[in-house]
Amino acid sequence: MVSIMSASSGAKTPWHLWVVGVIAVLWNGYGGYDYVLSMTQGATYMAAVGMTPDQVAYYAAMPVWMTAVWATGVWGGVLGSILLLLRNKLAFPVFAVSFAAFLVSLVYTYGLSGGGEVMGYMMQDGVKVASSMIIIMNVVIAAGCAFFTWYAWMMAKRGLVR
């Protein structure tokens, strides 16, 4: 097992930091890719990935502040990933802000804007519930955000980031 010594702390960099950091870059890099194409190609890109016309219209009508929240979540994740690989202690707060932005986007979509109906509700025993695919996707994204935030916090707590 190869370890790299930190000049400032003398602590060895664990192999898992590199693995988690690279996975974080790939995970959050896809979010950046999706964001850029959504912003530059708009409806064409969204339709190409399978969004319905109503879903495309929902995104097109999203208020500027919500687009800023989306950008904060996406680019915060990318930046947090890079900071983690650089062993920078700011990785934790940046990941935390990114995760918070994702949670705000869920509140907006499902609580404030009625976007849940557009994004995929279904009736179950007379009650509206989000479709299972949307729920699974949001749970997976939330779990990824939580994991990267927790991991960066643990690395900071152990003095492995500076």
Side-chain angles (χ1 to χ4, degrees), residues 1-40 45-46 49-51 55 58-59 62-116 119-121 129-162:
M1 204 177 311
V2 176
S3 294
I4 298 172
M5 295 294 286
S6 167
S8 64
S9 68
K12 291 182 180 180
T13 303
W15 63 269
H16 52 81
L17 188 140
W18 303 116
V19 171
V20 170
V22 168
I23 291 170
V25 166
L26 294 172
W27 171 283
N28 290 296
Y30 177 78
Y33 167 81
D34 180 65
Y35 180 87
V36 167
L37 290 182
S38 294
M39 293 294 114
T40 59
Y45 168 72
M46 291 179 187
V49 296
M51 293 178 79
Q55 291 169 335
Y58 173 79
Y59 273 94
M62 198 163 50
V64 172
W65 71 267
M66 192 51 222
T67 302
V69 168
W70 181 18
T72 299
V74 167
W75 299 113
V78 171
L79 180 59
S81 302
I82 293 166
L83 291 170
L84 184 61
L85 284 174
L86 293 173
R87 296 186 56 204
N88 187 300
K89 66 182 175 183
L90 293 177
F92 166 66
V94 171
F95 273 132
V97 168
S98 175
F99 187 20
F102 175 69
L103 296 176
V104 168
S105 74
L106 290 179
V107 170
Y108 171 77
T109 301
Y110 297 100
L112 301 177
S113 71
M119 299 314 289
Y121 271 108
V129 295
S131 71
S132 59
M133 183 57 88
I134 298 296
I135 291 171
I136 291 167
M137 182 181 73
N138 286 326
V139 167
V140 168
I141 293 170
C145 291
F147 173 75
F148 294 131
T149 303
W150 169 82
Y151 186 83
W153 174 72
M154 286 301 296
M155 293 301 97
K157 185 177 170 183
R158 293 180 182 168
L160 296 170
V161 294
R162 52 190 178 282

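Note that the coordinates shown come from a computational prediction; the quantities given were computed from them, not determined experimentally.
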Measure across [X] and [Y] and return the closest heavy-atom pair with its distance rounded to 0.1 Å.
X   : Y    : answer
L84 : L17  : O-CD2, 3.6 Å
V94 : G80  : CG1-N, 3.5 Å
F95 : S81  : CZ-N, 3.3 Å
L90 : N88  : N-OD1, 2.7 Å
W27 : I141 : CZ2-CA, 4.0 Å

In the structure I gave you, are the side-chain heavy atoms of [X] and [Y] within less than 4.5 Å of one another anywhere?
X    : Y    : result
Y151 : M154 : no
F147 : V20  : yes
F92  : L83  : no
T67  : Y35  : yes

Can you tell me how far apart [atom1] ([X]) and [atom2] ([Y]) are? Round to the nearest 0.5 Å.
X    : Y    : atom1 : atom2 : value
T72  : L79  : OG1   : CG    : 11.5 Å
L106 : L103 : CG    : CG    : 6.0 Å
F99  : W150 : CZ    : CH2   : 14.0 Å
M66  : L112 : CE    : CG    : 9.5 Å

(Q) Donor-acceptor check, side chain of S98 to backbone of G76, threshold 3.5 angstrom: yes or no? (A) no
Margin query: Any donor-acceptor pair under 3.5 Å linking the side-chain atoms of Y58 with those of S113?
Written below: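 Yes, side-chain donor-acceptor contact under 3.5 Å.
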request  = Report the C-alpha separation of W65 and Y108 in whole Å, then their side-chain angles, then the decisive distance to 0.1 Å, and conclude whether the ring-ring contact (aromatic ring centres under 6.0 Å, His included) test is met.
outcome  = CA-CA 11 Å; W65 71 267; Y108 171 77; 5.3 Å; yes
